[in-house]
Amino acid sequence: VQLQASGGGLVQAGGSLRLSCAASGSIQSIDGLGWYRQAPGKQRELVAIVSSDGSTKYADSVKGRFAISRDTAKNTVYLQMNRLELEDTAVYYCHAEGDWILGTYRYLGIWGRGTQVTVSS
(Lines give C-alpha, C1' and ligand atoms only; values in the text may rest on other atoms or scores of the structure.)
Protein backbone atom coordinates (compact mmCIF):
# COMPACT_ATOMS: atom_id res chain seq x y z
CA VAL A 1 0.00 0.00 0.00
CA GLN A 2 1.17 3.49 -0.85
CA LEU A 3 -0.23 6.64 0.70
CA GLN A 4 -0.70 10.00 -1.00
CA ALA A 5 -1.56 13.04 1.08
CA SER A 6 -3.16 16.15 -0.34
CA GLY A 7 -5.19 19.17 0.67
CA GLY A 8 -2.57 21.34 2.31
CA GLY A 9 -2.26 25.02 1.60
CA LEU A 10 -2.16 28.52 2.99
CA VAL A 11 -5.00 29.57 5.26
CA GLN A 12 -5.62 32.39 7.67
CA ALA A 13 -5.80 31.75 11.37
CA GLY A 14 -9.29 30.65 12.33
CA GLY A 15 -9.87 29.03 8.95
CA SER A 16 -10.32 25.41 7.95
CA LEU A 17 -8.67 22.85 5.73
CA ARG A 18 -9.37 19.21 4.98
CA LEU A 19 -6.48 16.89 4.30
CA SER A 20 -6.94 13.66 2.40
CA CYS A 21 -4.75 10.57 2.37
CA ALA A 22 -5.54 8.19 -0.44
CA ALA A 23 -4.26 4.64 -0.26
CA SER A 24 -3.33 2.67 -3.35
CA GLY A 25 -5.05 -0.38 -1.92
CA SER A 26 -7.74 -1.35 0.51
CA ILE A 27 -7.58 0.16 3.98
CA GLN A 28 -10.19 -2.26 5.30
CA SER A 29 -7.69 -4.24 7.34
CA ILE A 30 -5.33 -1.41 8.18
CA ASP A 31 -5.12 -0.48 11.84
CA GLY A 32 -3.71 2.80 13.07
CA LEU A 33 -4.24 5.19 10.19
CA GLY A 34 -2.94 8.48 11.38
CA TRP A 35 -1.79 11.99 10.68
CA TYR A 36 1.49 13.32 11.98
CA ARG A 37 3.07 16.71 11.53
CA GLN A 38 6.51 18.21 11.67
CA ALA A 39 7.16 21.89 12.12
CA PRO A 40 10.55 23.43 11.29
CA GLY A 41 13.08 22.58 13.96
CA LYS A 42 10.71 20.25 15.77
CA GLN A 43 10.21 16.53 15.97
CA ARG A 44 7.44 14.80 14.12
CA GLU A 45 4.41 14.44 16.35
CA LEU A 46 1.17 12.53 16.29
CA VAL A 47 -1.85 14.65 15.44
CA ALA A 48 -4.64 12.09 15.21
CA ILE A 49 -5.08 8.39 14.65
CA VAL A 50 -8.03 6.17 13.84
CA SER A 51 -8.07 2.45 14.54
CA SER A 52 -9.73 -0.28 12.51
CA ASP A 53 -12.60 -0.32 15.00
CA GLY A 54 -13.18 3.39 14.43
CA SER A 55 -11.80 4.60 17.73
CA THR A 56 -9.81 7.81 17.56
CA LYS A 57 -7.07 9.53 19.47
CA TYR A 58 -5.94 13.14 19.25
CA ALA A 59 -3.06 15.25 20.40
CA ASP A 60 -4.18 17.55 23.20
CA SER A 61 -3.32 20.59 21.10
CA VAL A 62 -5.90 19.71 18.42
CA LYS A 63 -8.71 18.20 20.48
CA GLY A 64 -12.00 19.85 19.67
CA ARG A 65 -10.62 21.44 16.50
CA PHE A 66 -9.52 18.53 14.32
CA ALA A 67 -11.42 15.41 13.32
CA ILE A 68 -10.02 12.29 11.70
CA SER A 69 -12.17 9.90 9.70
CA ARG A 70 -11.75 6.99 7.34
CA ASP A 71 -13.77 6.03 4.30
CA THR A 72 -13.10 2.40 3.48
CA ALA A 73 -15.13 2.64 0.26
CA LYS A 74 -12.74 5.29 -1.04
CA ASN A 75 -9.64 3.91 0.72
CA THR A 76 -9.06 7.37 2.12
CA VAL A 77 -8.47 8.88 5.53
CA TYR A 78 -9.31 12.51 6.18
CA LEU A 79 -8.25 15.15 8.64
CA GLN A 80 -10.72 18.00 9.01
CA MET A 81 -8.92 20.92 10.59
CA ASN A 82 -10.99 23.78 11.99
CA ARG A 83 -10.08 26.95 13.89
CA LEU A 84 -6.53 26.68 12.65
CA GLU A 85 -3.82 28.38 14.67
CA LEU A 86 -0.37 29.65 13.75
CA GLU A 87 1.09 26.74 15.69
CA ASP A 88 -0.58 24.28 13.33
CA THR A 89 1.84 25.29 10.57
CA ALA A 90 3.77 22.17 9.61
CA VAL A 91 4.21 19.47 7.03
CA TYR A 92 1.50 16.89 7.59
CA TYR A 93 2.11 13.22 6.89
CA CYS A 94 -0.24 10.28 6.83
CA HIS A 95 0.86 6.96 8.22
CA ALA A 96 -0.37 3.39 8.24
CA GLU A 97 0.80 1.54 11.32
CA GLY A 98 -0.20 -2.04 10.59
CA ASP A 99 -2.82 -4.40 9.34
CA TRP A 100 -4.67 -7.52 10.40
CA ILE A 101 -4.40 -10.56 8.18
CA LEU A 102 -6.28 -13.68 9.28
CA GLY A 103 -6.20 -12.49 12.87
CA THR A 104 -2.49 -11.73 12.88
CA TYR A 105 -1.19 -8.20 13.26
CA ARG A 106 1.53 -7.11 10.88
CA TYR A 107 3.48 -3.90 11.36
CA LEU A 108 3.62 -1.79 8.19
CA GLY A 109 5.07 1.56 9.12
CA ILE A 110 4.12 3.17 5.81
CA TRP A 111 4.49 6.92 5.40
CA GLY A 112 2.99 9.08 2.71
CA ARG A 113 4.59 12.17 1.29
CA GLY A 114 3.86 15.23 3.33
CA THR A 115 1.58 18.11 2.51
CA GLN A 116 2.39 21.61 3.71
CA VAL A 117 -0.08 23.49 5.88
CA THR A 118 0.71 27.14 6.52
CA VAL A 119 -1.43 29.23 8.82
CA SER A 120 -1.01 32.99 8.53
CA SER A 121 -2.07 35.76 10.88
Side-chain angles (χ1 to χ4, degrees):
V1 173
Q2 293 182 326
L3 304 175
Q4 180 64 52
S6 62
L10 175 64
V11 63
Q12 283 192 322
S16 298
L17 279 176
R18 188 176 81 154
L19 304 183
S20 300
C21 177
S24 60
S26 173
I27 64 170
Q28 188 81 28
S29 64
I30 294 180
D31 202 359
L33 277 167
W35 287 95
Y36 291 72
R37 67 186 180 187
Q38 187 166 19
K42 294 188 177 181
Q43 288 189 329
R44 192 172 296 188
E45 62 175 358
L46 174 68
V47 176
I49 193 167
V50 58
S51 299
S52 56
D53 64 1
S55 60
T56 58
K57 180 181 176 182
Y58 295 92
D60 288 343
S61 60
V62 307
K63 281 180 182 176
R65 300 188 297 121
F66 290 11
I68 189 170
S69 61
R70 57 192 286 165
D71 185 335
T72 53
K74 295 183 179 180
N75 294 322
T76 301
V77 61
Y78 302 99
L79 184 68
Q80 179 65 44
M81 306 186 293
N82 299 323
R83 304 200 312 275
L84 282 160
E85 302 172 354
L86 297 179
E87 293 74 20
D88 296 319
T89 295
V91 178
Y92 284 70
Y93 300 88
C94 54
H95 179 256
E97 187 172 299
D99 64 3
W100 290 93
I101 303 295
L102 299 176
T104 299
Y105 180 78
R106 176 181 61 166
Y107 177 74
L108 297 175
I110 298 172
W111 291 97
R113 284 191 175 185
T115 184
Q116 176 72 46
V117 172
T118 303
V119 184
S120 64
S121 58

Out of curiosity, Ile49 CD1 to Cys94 SG, how far, rounded to the nearest 0.5 Å?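 One gets 12.0 Å once the value is rounded to the nearest 0.5 Å.
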In Å and rounded to the nearest 0.5 Å, what is the CD1 to CZ distance from Ile101 to Arg106?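 That separation rounds to 5.5 Å.
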Val119 versus Asp88, closest heavy-atom pair with distance: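 Shortest heavy-atom contact: CG2-CB, 4.2 Å.
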Which heavy atom in Tyr58 sits nearest to a heavy atom in Ala48, and how many Å separate them?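 Minimum heavy-atom separation between Tyr58 and Ala48: CD2-CB, 3.5 Å.
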Would you please indicate if the ring centroids of Tyr105 and Trp100 are separated by under 6.0 Å?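 For Tyr105 and Trp100, the ring centres are under 6.0 Å apart.
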Could you tell me whether Trp111 and Tyr36 have their ring centroids closer than 6.0 angstrom?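 Yes - the distance between ring centres of Trp111 and Tyr36 falls below the 6.0 Å cut-off.
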Is the closest side-chain heavy-atom distance between [X] and [Y] below 4.5 Å?
X     : Y     : result
Asn82 : Phe66 : no
Arg44 : Val91 : no
Arg37 : Lys42 : no

Could you go through the side chain to side chain contact (heavy atoms under 4.5 Å, CB included) check for Gln80 and Ser16 one step at a time? CA-CA 7 Å; Gln80 179 65 44; Ser16 298; 4.0 Å; yes
Classify the angle between the aromatic ring planes of Tyr107 and His95 as parallel (below 30°), tilted (30 to 60°) or perpendicular (above 60°).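 It falls in the tilted class, 30° to 60°.
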Can you confirm whether Gln2 is buried at CD, in the sense that more than 12 heavy atoms of other residues, nucleotides or ligands lie under 6.0 Å from that atom?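 Count not over threshold, so no.
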Should the heavy atoms of other residues, nucleotides or ligands under 6.0 Å from CD of Gln28 be counted, would the total exceed 12?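 At most 12 heavy atoms, drawn from other residues, nucleotides or ligands, come within 6.0 Å of this atom.
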With distance as the sole test, does Asp31 use its side chain to make a donor-acceptor pair with the main-chain N or O of Ser51 at under 3.5 Å?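 Looks like no, no N/O pair under 3.5 Å.
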